[in-house]
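Structure first, commentary second.
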Amino acid sequence: MAQPFLYNYDSLLITGILFLLIVLLNEVGFRIGRFVQHSTDSEVKTLTGSIQGSILGLLALLLGFTFSMSMQRFDGRSEALIAEANAIGTASLRVQLLPVQFQDEANALLARYVDMRIAIGKGDLSHALERKKYNQTIAALQSELWALAVAATNADPRPVTSGAFVNSLNEMIDSQGKRNALQQMRVPEVVLLLLFTVFIASGGMLGYSSGLSGKRVVAPTLMVSFLIAMIVFIIIDLDRPKRGLIMVDQSSLLALQNAPVTQLGHSN
């Protein structure tokens, strides 16, 4: 799956460039406003102030909408990780229901599976080749676990023993697929570009309005621009589950490495 254009660049770099563009457009707008100040009547100046308020209102709306969208996706990824950890934990517990000759191998495979799921959870989604290698290893482990479950079912076809393990294994595989899908869900790039455009335009309009009034308001304008840029940074960072400052907490999966059942696999 191709990555969006913006995803190839660091969130701090994007935010820094955005802030510089706002400052630049603010200065350009101020100079234009000063140039046309004496040829602009008071009615036009009042109308300009109204337009400025409308653009800032639109910016606030887009910020709230985009932040909510990115937060929902982040929460969805966190919930999917917890659901997958619970599914793996259930499968690990139900290994004890398998015939004895299959238990050690099942524990070992599940332990390796947990290690791989943790490893891929720490990897950057932009590293396509590395992610492909991890996914191939995980798919191979799933195939081995399924083949073991089939063999155990042939040896003990009772639904309350091997059948229970098969059900939990199926749920584990489904939860992994759901989590992978949620990792790929991001705020549409066109929404981010629209947000950036309105943000930059608001900076230009603030400068133009200041130029018309003949009074430069530097400190408040820079402070507001910086604060909005920080909100944009958080939006971008939340939308990147495996890169940036805000990461999905993997403690649920990490706890499985220390669980007594999965330790059986590491001891072999």
Can you tell if the side chain of Thr161 reaches within under 4.5 Å of the side chain of Phe165, non-hydrogen atoms only?
-> no
Phe74 side, atom CZ; Leu238 side, atom CG - distance, nearest 0.5 Å = 6.0 Å
Asp75 and its side-chain contact (heavy atoms from CB on, under 4.5 Å) partner, picked from Met71, Gln72, Arg73 | Met71
Treat each ILVMFWY residue as a node, draw an edge where side-chain heavy atoms are under 4.5 Å apart, and state whether Leu61 and Ile51 are in one component.
-> no
Separation of Leu21 CG from Asn26 CG (nearest 0.5 Å) = 12.5 Å
Got a donor-acceptor contact below 3.5 angstrom from the Ser11 side chain to the Ile236 backbone?
-> no
In this structure, OG of Ser252 is separated from CG of Asn86 (nearest 0.5 Å) by 7.0 Å
Do the side chains of Ile235 and Met69 get nearer than 4.5 Å, heavy atoms only?
-> no
Without swapping roles, check the side chain of Arg179 against the backbone of Ala80 for a donor-acceptor pair under 3.5 Å.
-> no
Any Ile32 side-chain heavy atom under 4.5 Å of Val28 side chain = yes
Is the closest side-chain heavy-atom distance between Thr48 and Met205 below 4.5 Å?
-> yes
Arg94 side chain near Gln96 side chain, heavy-atom distance below 4.5 Å | no
Examine distances only and state if a side-chain atom of Asp239 and a backbone atom of Ser70 form a donor-acceptor pair shorter than 3.5 Å.
-> no
So, for Trp146 and Val166, which heavy atoms are closest and what is the spacing to 0.1 Å?
-> CH2-CG1, 3.8 Å
Exam field: side chain Thr137 to backbone Lys133, donor-acceptor pair closer than 3.5 Å = yes
Any donor and acceptor pair, going by atom type alone, linking the side chain of Ser68 with main-chain N or O of Gly64 inside 3.5 Å?
-> no
Taking every heavy atom of Gln103 against every heavy atom of Leu98, the minimum-distance pair comes out as NE2-O, 2.9 Å
If you round to the nearest 0.5 Å, how far is CD1 of Ile228 from CD1 of Ile22?
-> 7.0 Å
Please check if Leu182 and Ile88 belong to a single hydrophobic cluster, counting links between Ile, Leu, Val, Met, Phe, Trp and Tyr side chain heavy atoms closer than 4.5 Å.
-> no
Would you mind reporting whether Leu254 and Ile118 have side-chain heavy atoms less than 4.5 Å apart?
-> yes
Find the distance between OG1 (Thr197) and CG (Leu193) and round it off to the nearest 0.5 Å.
-> 6.5 Å
Rounded distance (nearest 0.5 Å) linking atom CE of Met230 with atom CZ of Phe233 | 7.0 Å
Is there a path of hydrophobic side-chain contacts, each under 4.5 Å between heavy atoms of I, L, V, M, F, W or Y residues, that connects Leu12 with Phe196?
-> yes
Kindly indicate whether the side chain of Phe102, heavy atoms from C-beta on, has any atom under 4.5 Å from the side chain of Asp156.
-> no
Test item: Leu256 and Arg117 side chains (from C-beta on) under 4.5 Å apart, heavy atoms = no
Partner of Gln176 under side chain to side chain donor-acceptor pair (under 3.5 Å), picked from Glu171, Gln142, Glu84, is Gln142
Ile246 backbone acceptor or donor facing Asp237 side chain under 3.5 Å = yes
Provide the full list of side chain to side chain donor-acceptor pair (under 3.5 Å) pairs with a residue in residues 203-231, sequence neighbours left out, each pair given once.
-> Glu27-Arg216, Gln52-Ser209
